[in-house]
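Accompanying notes for the structure given below.
Chain naming here is simple, since letters A, B, ... match the order of the sequence lines and numbering starts at 1 in each.
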Number of protein chains: 2
Amino acid sequence: MATIKDVAKRAKVSVATVSRVMGNKEHVTESARLKVEKAIKELNYQPNITARRLREQKTKSIIVIVPDINNTFFPEVFRGIEAVATQKGYRVWLEDMQNNPDIEREIFEVLPQKQVDGIISLTARTKRETIEAVAKQYPLVIAGQYLEDSKIPYVGISNIKASRDAVNHLIKLGHTNIAHISGPLNQLIFQDRLKGYESALERAGLKVDKDLVFKGNYTYESAFELSTEIIKSKKQITAIFAANDEMAAGVIKGIKAAGKRVPEDYAVIGFDNIRLAAIIEPAITTINQPKKEMGKRAIEMLFDLIEGRALKEERVVLKHSLVVRESCGEKVRD
Amino acid sequence: MATIKDVAKRAKVSVATVSRVMGNKEHVTESARLKVEKAIKELNYQPNITARRLREQKTKSIIVIVPDINNTFFPEVFRGIEAVATQKGYRVWLEDMQNNPDIEREIFEVLPQKQVDGIISLTARTKRETIEAVAKQYPLVIAGQYLEDSKIPYVGISNIKASRDAVNHLIKLGHTNIAHISGPLNQLIFQDRLKGYESALERAGLKVDKDLVFKGNYTYESAFELSTEIIKSKKQITAIFAANDEMAAGVIKGIKAAGKRVPEDYAVIGFDNIRLAAIIEPAITTINQPKKEMGKRAIEMLFDLIEGRALKEERVVLKHSLVVRESCGEKVRD
DNA sequence: GTGAAAGCGCTAACAG
DNA sequence: CTGTTAGCGCTTTCAC
């Protein structure tokens, strides 16, 4: 591999001049620039980024932590992040926790060694102190999740409002006995989705019944198993609000496996609007989260942090929307 | 951040000694080692990996190129790769081509600048010369795909045999008019799957009919659209072999949308055994590829290459298996 | 067994 | 406008 010295020698200039040309700096005569560019091309020179990083004391790379790469929600956010980062010449490292809390803990613990310029976390399940500790060392933005009373900037949607919209949709369709399959309630967003559910019921004058809340762990499998309980319930459930699409898919599968129909026997509404929601049958009516946008905003905020600019907003709340498909009984073209 | 100098000063030794302790080298007295370790702990010292890389002329990182992160086949292979790589202290950089040939081309073209120790590609769609050129500069292993008559090492399964197994399953169930939805036939693995299909028919004494082959592009959407043609076909098709599960899911959706039933009107068999295959209805009977294993073997081969060891095998062929679910009419517990 | 010092390739401060 | 040079933090000779 040719180095900057080789280029300098060939172009008969100093390394400083070569460096200036590379960096598109001023104070270089046109003739010098031409000579350098010629030499670069002839030697097929690529600057050594490791050396550049060492010198500049920047890694030009960031880490994105995703809870589970198999839930397509996260890859979509990731793509939003990557698009912006790549454009700025940053590398993006993906840390997948494989939906495993142990791995998650470990990731956060070794994070300080990783030496990156910043971190975006699509999860906030880990102990608060651990995350805060990381945030002290690194620019950190959380996306899709958040920490209560924390200074850590985040971008997300209003989970309470969005859930209310979901449940209102069910109420408008005439349902009164609406169950909720929650995510893990140690995560604020799932607490919020539960709150939104309760608040929608209250506003409609319906009873909030603890027996109608089933605790999922946010996976497909967990909801599949809960379907049995839901069907057995004495509460005459006719509609289900699942806290994410994976779980919505899981209950639907379970309900059908038990010989019941969706939406005829049970209307089901989900949350996230992942790819799967449009594929399974019936296609899932759900709340759309602007995933790509979320990624973009997160990385933009991170760059503000990295480059020492003040954040315009510490908390960015994006718009969600209701996507009506088939699983609630209003068949609409997708 | 503390540097090696700070540690040396605090431990009252030279930086060389600190470096030796870090590297677990010999020729350090126990007392010196203890002093250094104490200082490291006290200063919470983390060696600067950028500096180390520059000095060692290694990046300790590799690139994994995936065609489409949304097809869960790839994340599963990726996890196999990552598990091994992380353990060895390597970082894995994911390049997602977003199922876009332009991006793919671009990725391969800029690859030389990326300065990594090695590359694993889960795709081989790009022009052969481009890939070969990359392989000249970098240790490169291809997984799940391959290049004909190329020296580039790869790990995969026998796509011909596996497809034959798939089609044989259909034949055993009594089908004689079996259609095939192929992937893009500029990719060898999809050519092979077509060959396996044809060979199974021939061996069974069935006619091979070009009109029974429908060209998909390996996405869900493409197969969804082809379903119309398949249904309209005059060939009395009763069974379909889709070259991957995404397309199997797509045809199934299309068939059902047209008011026909799977497996009663059309038996469908897929390929890959991705997560989706077990989720959609009917659950897809398919060929399992050992995805995680594939990733592991690929990264092990890559390390052999990086570290200059001779490869035990240039081409590793893993075992596939038939997974019987519902889409062919033999309902079996998953 | 240990330390001094060279040098990986680059950028930027400084001098001219 | 251009060149010389220090130095980023580390590992590894080479002396002692």
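If you check the side chains of Asn99(B) and Tyr218(B), you find a donor sitting under 3.5 Å from an acceptor. Residues Thr126(A) and Glu104(A) bring a donor and an acceptor atom of their side chains to less than 3.5 Å of each other. For the 3.5 Å distance criterion, the side chains of Gln115(B) and Thr59(B) fail to qualify, holding no donor opposite an acceptor.
For the pair Lys88(A) and Phe303(A), the cation-pi criterion (under 6.0 Å, within 45° of the ring axis) is fulfilled.
The NZ-P distance, from Lys35(B) to dG3(C), rounds to 7 Å in whole Å. Between Lys12(B) atom NZ and dG3(C) atom C1' there is a gap of 16 Å when expressed in whole angstrom units. At whole-Å resolution of the value, NZ in Lys9(A) and P in dG9(C) are 12 Å apart.
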Mark up nucleotides 9-16 of chain D, 5' to 3', with B wherever a protein heavy atom is under 4.0 angstrom from a base atom, S wherever such an atom reaches only the sugar-phosphate, and - elsewhere. BBBBB---
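Residues Lys60(A) and Asp117(A) are not paired through a salt bridge, judged by the lack of any N-O separation under 4.0 Å between the basic side chain and the carboxylate.
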